[in-house]
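Quick notes on the structure that follows.
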Amino acid sequence: MTPARTRFAPSPTGSLHVGGARTALYCLLWARRTGGQFILRIEDTDRARSTDEAAAGIVRDMKWLGLQWDEGPEVGGASGPYYQSAKLDRYNAVIGQLLESGHAYEAWETSAELDALRKAAEAKKEAFKYRRRPYTEDDLAAFREEGRTPVVRLLAPTEAVTVDDILLGSVTLEPDQLDDIVIRKADGYPTYHLAVVVDDHDMGVTLVLRGQEHLMNTHKHKGIAAALGWELPQCGHLPLIHSPSGGKMSKRDKAKTARASARDEAKARGTGRDWSWITEATGFPPDEVELFMKKKRDGVALAESIAKVTGADLPLIDLLDFRRAGYLPEAMVNYLALLGWRAADETGEGDREIWPFEELCAAFEVTRIKSTPARFDPQKLAWMNGEYMKSLPDAVLRQRLAEHLEVTDSVLSRADDAMLSALFAMYRQRATTFVDLASQAAFFFDRPTSWGPPKALKKHLLKGGGLERLALTRAALADTEFTPQGISSCLDGLAEAHEQRVGRFAQPLRIAVSGGPVSPGIDDTLCLLGKDETLARIDACLAHFGPTE
Ligand code: GLU
């Protein structure tokens, strides 16, 4: 197998989306499978939209997911720089070469003039394609006088261009479908198209995997490469990931969900279309809230703030959302690998769900990437995460929890090492995520101040002498050594002495200490709480429900 050089080339204009993460994963897996290299390149030539913060966020999220690149930011490499903004001299040299060879030329239209050309084409029911326009010496002098800066455009190929996609097959565009594309913008920066061709060439990339939205760009790239006498790497364009409700899985879904929850909240409050309560609760200015509620803006920050107020669960879209929601990178990698890739080979080998990273590296085959959209299935991901919660070594789970706690608040941050070990032992079989674990184990951190739910409370505690049995249990526990065996035999002894099932003593006790009828084994639960805390909780419960005499 020839070692592949693959790259993930995000534009740092936002956070790393789950679709981008899947693309990066497939690039990495192919490099590992073939014994090649995986490159991370930050495509930050769009100066208006790129931010350092977004670039740092992408690096952070890639690391969290464990998608370690062989060349790129932080690790360097022989074919850098890996930030395009640091490579302007090289792009300008290439653009200079294209100008000199006559493949490229300067174009001087303002955006208003381009709009007018576009409208004129539309009026004739033609698709607008920019073609080289003749300028006289006087035109040029006037443009300069006005202070215009030209862009540089590439002459479109005069023959049909065919892209052979390894997933989608051949796609041909005729010359009349091709434009004289801009390769250097008026701000002096190259366009994405120019930079991507130069970098894939300079970095020796052998296979480009990217989202299907770039398929038609590849014809442009082919035109640039041809003018330079280069070949493009092979390419494969990955289909979209659809949200569970259908349609593109996008940040907009967050705004949609937050908006719906705000409308429900407004109904409950009876505030109609007066959104001032959102401003009061979130601090976002009224006009911004207004635009958001009128669907004219989809700001994620506002959506998240609204969800905090309304208690809405926003859909998970970005990698950071999943990290905050307590998912494990191991499970994300496994889930994303299978979301869009057929694990089973021609013989049916590999038809299973659990695929640890190393096994993916050994088996990944680009030709089995699916060419139709996949639907994101949160239940399946949660199930898979639960499987990894069960099987990862303690030390890894601990490390993952630390990473989770770096990006979110959780009661689990209050647990010391010993407590964490105990919690993992009790909950790793029954929690799907760290957030789920935190919610199931919350009672260890804060004494219950209410006990329920009402039906269970009545059944186990308030009726049939539950409170009396709880008082007996308290007295017996006060003289018991707090080990799992000690507690078990204490409860067994009580059951025997009163000729009752153990549950008749354990269940009131469980409700008293945990606030509800579900917890891990009562012996382990009490041990972790400790004797003083257990007795104090029983006392608080007894005091709350009144004297038992
Ligand atoms: N920078 C492009 C983007 O983030 C990716 C381009 C590519 O992979 O060629 O959409």
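Order of appearance sets the numbers: ligands from 1, and atoms from 1 within every ligand.
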For the 3.5 Å polar cut-off, considering only N or O atoms, please tell me whether E43 and ligand 1 meet it.
yes
Considering non-hydrogen atoms of the protein only, which is the closest contact for atom 10 (O) of ligand 1, and what is the distance?
H214 NE2, 2.9 Å
Could you tell me whether A9 and ligand 1 have an N or O pair separated by under 3.5 Å?
yes
Top protein contact for atom 8 (O) of ligand 1, by heavy-atom distance:
R7 NH1, 2.8 Å
Going by the order shown, which atoms of ligand 1 are within less than 4.0 Å of some heavy atom of Y192?
6 (C), 7 (C), 9 (O)
For atom 3 (C) of ligand 1, the closest protein heavy atom turns out to be S11 OG, 3.5 Å
Check whether the side chains of Y192 and D46 place a donor and an acceptor atom closer than 3.5 Å, and report yes or no.
no
Mark yes or no: R32 above the aromatic ring of F364, with NZ or CZ under 6.0 Å from the six-membered ring centre and no more than 45 degrees from the axis.
no
Any V208 heavy atom less than 4.0 Å to ligand 1
no
Are side-chain N/O atoms of Y83 and D52 paired as donor and acceptor at under 3.5 Å?
no
is_close_aromatic(F38, W69), centroid dist under 6.0 Å:
no
Those atoms of ligand 1 less than 4.0 Å from some heavy atom in V196
9 (O)
Assess the side chains of E109 and Y135: does a donor N or O sit below 3.5 Å from an acceptor N or O?
yes
Tell me whether the guanidinium CZ or amine NZ of R41 lies under 6.0 angstrom from the six-membered ring centre of F8 and within 45° of its axis.
no
